[in-house]
Amino acid sequence: MSQGVVQEKVTTALLSALDGARQKGQLKATAWPALTLDAPKRPEWGDLASTVAMSLASSEQKAPHDIAQIIVENLSQRDQIFDRVEIVRPGFLNLTIKPALWQEVLHEVGEQGTRYGQANIGTGRRVLVEYVSANPTGPLHVGHGRGAAVGQAVCRLLATIGYDVVGEYYVNDAGRQMKLLGASVYARYQELSGRTIDFPEDGYHGTYITAVAQQIRDQLDRVEGELTPRDLEARCRALAYQELLGLIRDDLKSFGIEFQSWFSEATLLESKAVERALDELKTRGLLFEQEGAWWFRSSKYGDEKDRVVRKQDGEFTYLASDIAYHHDKLRRGYDVLINVFGADHHGYIPRMQAVMQAYGHPKERLQVVLVQLVKLLRGGVEVKMSKRTGEFITMREVIDEVGADAAKFYFLMRDSTTHLEFDLELAKQRSADNPVYYVQYAHARICSLWRVASERGIARPSAAEADLTVLTDPDELGLIKKLSAYPEVIQASALAFEPHRVTYYLQQLAAQLHTFYNKHRVLPPATDQEHDETAAAEIVTSKRTAARLVLMGAVQQVLRNGLEVLGISAPEHM
RNA sequence: GCGCCCGUAGCUCAGUCGGAUAGAGCAUCAGCCUUCUAAGCUGAGGGUCGCUGGUUCGAUUCCAGCCGGGCGCACCA
């Protein structure tokens with residue numbers, strides 16, 4: 001299921017009307033365009049609108065209005081589904097759905113529970129999502145936080161529509177950065193022992209380096225004298241790596257992110273997988289030697305130029321490891337590879353897609369989700385970040401300051417390809433105004449209803465037990481319509497790798513809930529003193545209470561499901 | 001110079017497989033708690049959808065050019 005019950009029935013009805021018209025010779029097209037049902041902006045335009053008639057106009061060589069007319073004439077079960085079917089101006093088909101059909105949505109949500117919104121579009125297909133993959137040379141910073149939030153949400157979205165998803169972290173535990181890390185820690189280590197040595201050029205200056213050096217010093221205290229400087233530096237490198245990777249795991253954990261898989265670059269080199277991957281390219285005639293270096297003929301597949309994979313000095317480039325890594329991903333049998341990249345790596349996309357093609361796969365096998373870097377502000381002033389000078393705001397600091405839920409929601413509020421301004425002072429200072437609380441509050445408010453209801457001995461009925469036909473108020477139907485759109489939001493969001501659509505949807509749903517909550521009562525007043533005092537007040541009968549409790553339960557369920565997809569908690573109290 | 005991303009309300013941003021009078025939050029102003037959580041609600045003001053052309057019955061959405069901002073163009077990772 002990828003549509004709500006209502007949308008499904010309407011789509012089916014429209015399609016059979018189109019088919020009926022074709023059989024009668026009124027329409028001639030052999031295939032119909034995708035039937036998308038929009039929720040019109042204005043209430044008088046009905047509940048759902050279709051533009052099929054207009055999009056068929058040119059191919060049918062008929063006026064849109066006439067086509068719409070033909071469709072309407074051929075609608076078979078019209079009275080069971082629609083209250084009103086209107087054709088407007090150029091050829092809009094404005095459909096008003098019977099409340100009874102809308103009420104079915106509540107049965108759907110009630111029966112499916114946490115599964116509401118799931119689909120089987122990706123069933124049987126395996127996806128590998130690689131994200132974060134920060135070098136273990138320092139703590140994660142804010143940009144990684146955004147990548148982590150987006151990567152996790154993409155994983156969960158795809159899993160929700162049926163894909164078999166694995167989230168993987170590629171650990172760059174080999175090469176130059178590791179050597180620099182070791183040398184930097186070693187230098188600090190020596191300083192702690194009262195010896196001064198030249199700090200490596202391009203080394204890591206962050207204070208965490210000294211902290212790590214101190215820890216290593218405590219650990220190596222007894223054996224230090226037995227180690228040669230060379231061994232000592234190697235120990236520094238190994239221990240610093242372990243320490244920093246551990247820090248990264250901890251940071252991710254406190255951010256609520258868990259990877260199913262950690263993949264080490266070093267293992268590719270040790271197992272000669274890099275050589276093998278390159279050999280395969282050589283066999284395919286895609287590797288050539290020039291000026292003492294080996295090149296990958298990526299320009300053959302649309303890259304702007306060929307790329308070095310093995311340098312004159314015999315060392316592999318980073319790209320060589322990456323080729324082997326992606327070769328390995330393909331070997332592991334994933335149908336789709338998704339890489340969540342920082343936008344500063346966008347130039348890397350063509351050569352990675354060239355790798356796909358070099359191994360005989362369509363370039364679409366690799367999909368890239370670009371995440372723009374976060375522009376960090378503190379009190380309106382931009383904070384420049386650089387690992388080299390060690391001055392940057394870590395992801396940990398952000399989590400500590402604004403909380404994991406708020407940070408995630410913030411990261412997932414906008415399209416990941418756009419720049420994100422993140423003002424720490426603002427986020428801290430107005431933390432109660434953060435939109436995440438708005439959504440969570442809607443959820444907590446409903447939970448509060450359950451508590452009060454139970455105190456008063458009011459039972460919470462299932463959708464089947466309640467008489468839902470009393471739900472005819474526009475606000476009630478409005479909420480139901482919103483709930484019925486959820487499956488499509490999830491599907492569209494997943495297929496486009498755009499979690500922010502879910503965030504946006506949740507804000508809208510929460511807004512409708514808050515409006516409803518302020519305007520209507522679910523439970524009858526505690527004291528039955530003055531029902532008559534406010535003449536306009538609606539009478540909350542037990543029947544109405546029962547139906548509204550079902551409605552509230554459905555809203556709560558969808559809020560929870562949506563937050564779950566985003567990796568954000570749905571608190572019961574606030 | 002070439003390539004990618006972005007340009008929508010004072011600010012931060014949604015919306016665009018082409019559709020009917022372009023939306024939200026923040027900020028500003030005016031209101032709403034003796035009743036289910038006011039972390040909430042109601043109302044008001046605020047727009048040449050960067051500019052110019054093109055395609056179309058219809059363009060904020062697609063195409064081209066230009067302007068402005070960001071990023072990338074290593075035998076670094």
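The sequence lines fix the lettering, A, B, ..., with proteins before strands; numbering per chain opens at 1.
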Taking the side chain of [X] as its heavy atoms from C-beta onward, which of [options] lies nearest to it?
X	options	value
A/Lys311	B/rA38, B/rC76, B/rA20	B/rC76
A/Trp45	B/rA20, B/rG19, B/rC36	B/rA20
A/Tyr517	B/rC73, B/rA39, B/rA38	B/rA38
A/Arg414	B/rG19, B/rG40, B/rC13	B/rC13
A/Thr515	B/rC41, B/rA74, B/rC6	B/rC41
A/Thr417	B/rC6, B/rC36, B/rA39	B/rC6
A/His419	B/rG19, B/rA77, B/rG70	B/rG70
A/Arg351	B/rC41, B/rC36, B/rA77	B/rA77
A/Gln177	B/rC76, B/rC71, B/rU35	B/rC76
A/Gln372	B/rA39, B/rC5, B/rA20	B/rC5

Under the 3.5 Å rule, do the base of [N] and the side chain of [X] count as making a donor-acceptor pair?
X	N	result
A/Thr36	B/rC17	yes
A/Glu291	B/rC75	yes
A/Asp202	B/rA77	no
A/His346	B/rG3	yes

Whole Å only: how far is the [atom1] atom of [X] from the [atom2] atom of [N]?
X	N	atom1	atom2	value
A/His345	B/rC76	NE2	P	15 Å
A/Lys519	B/rC32	NZ	P	19 Å
A/Glu44	B/rU21	CD	C1'	10 Å
A/Ile87	B/rA20	CD1	C1'	15 Å
A/Tyr348	B/rC4	OH	C1'	17 Å

Hey, is the side chain of [X] poking within less than 4.0 Å of OP1 or OP2 on [N], counting only N and O atoms?
X	N	result
A/Tyr410	B/rC26	no
A/Ser416	B/rC5	no
A/Arg445	B/rA38	yes
A/Lys41	B/rG23	no

| query | More 5' along RNA chain B: A/Trp295 or A/Leu449, using each one's nearest nucleotide? | reply |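 The 5'-side residue here is A/Leu449.
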
| request: Specify the residue among A/Ala293 and A/His520 whose closest nucleotide of RNA chain B lies further upstream toward the 5′ end. | output: A/His520

Residue pair [X] / [Y], side-chain heavy-atom distance below 4.5 Å:
X	Y	value
A/Val85	A/Asn94	no
A/Leu549	A/Ile458	yes
A/Asp173	A/Leu245	no

| field | RNA chain B contacts made by residues 501-513 of chain A, counting heavy atoms under 4.0 Å | value |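 Those residues are A/Tyr504.
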
| said: Using a 4.0 Å cut-off on heavy atoms, which residues in residues 320-328 of chain A reach RNA chain B? List them by number, or say none. | reply: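 The stretch gives none, as no residue of it lies under 4.0 Å from the strand.
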
| said: Going by the glycosidic torsion and a 90 degree boundary from 0, is the base of B/rC33 oriented syn or anti? | reply: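 You should classify B/rC33 as syn.
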
| message | Using a 4.0 Å heavy-atom cut-off, does A/Asp313 contact any base of the nucleic acid, only the sugar-phosphate backbone, or nothing at all? | response |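 No contact at all - A/Asp313 keeps every heavy atom at 4.0 Å or more from the nucleic acid.
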
| query | What residues form a side-chain contact (heavy atoms from CB on, under 4.5 Å) with A/His520, not counting sequence neighbours? | reply | A/Asp473, A/Asp475, A/Phe516, A/Glu538, A/Arg548

| task | Just jot down the side-chain contact (heavy atoms from CB on, under 4.5 Å) partners of A/Ala324, sequence neighbours excluded, or say none. | result | A/Leu268, A/Val274, A/Ala277

| task | Decide, yes or no, whether a salt bridge links A/Glu130 with A/Lys329 under the criterion of side-chain N to carboxylate O below 4.0 Å. | result | yes

| said: What verdict does the ring-ring contact (aromatic ring centres under 6.0 Å, His included) test give for A/Phe411 and A/Phe422, after you've listed the backbone C-alpha separation in whole Å, the side-chain angles of each residue and the deciding distance to 0.1 Å? | reply: CA-CA 9 Å; A/Phe411 287 141; A/Phe422 198 115; 5.5 Å; yes

| task | Could you measure between the two C1' atoms, the one in B/rC4 and the one in B/rA44, and give it in whole Å? | result |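 Those two atoms are separated by 43 Å.
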
| field | Pairs meeting criterion ring pair (Phe, Tyr, Trp, His ring centres under 6.0 Å) with involvement of residues 302-329 of chain A, two or more places apart | value | A/Tyr170-A/Tyr325, A/Phe263-A/Tyr325, A/His327-A/Tyr359

| note | One should report the stems of RNA chain B, each a stretch of at least three consecutive Watson-Crick or G-U pairs at distances under 3.5 Å, as B:1-7 with B:67-73, B:10-13 with B:23-26, B:28-32 with B:40-44, B:50-54 with B:62-66

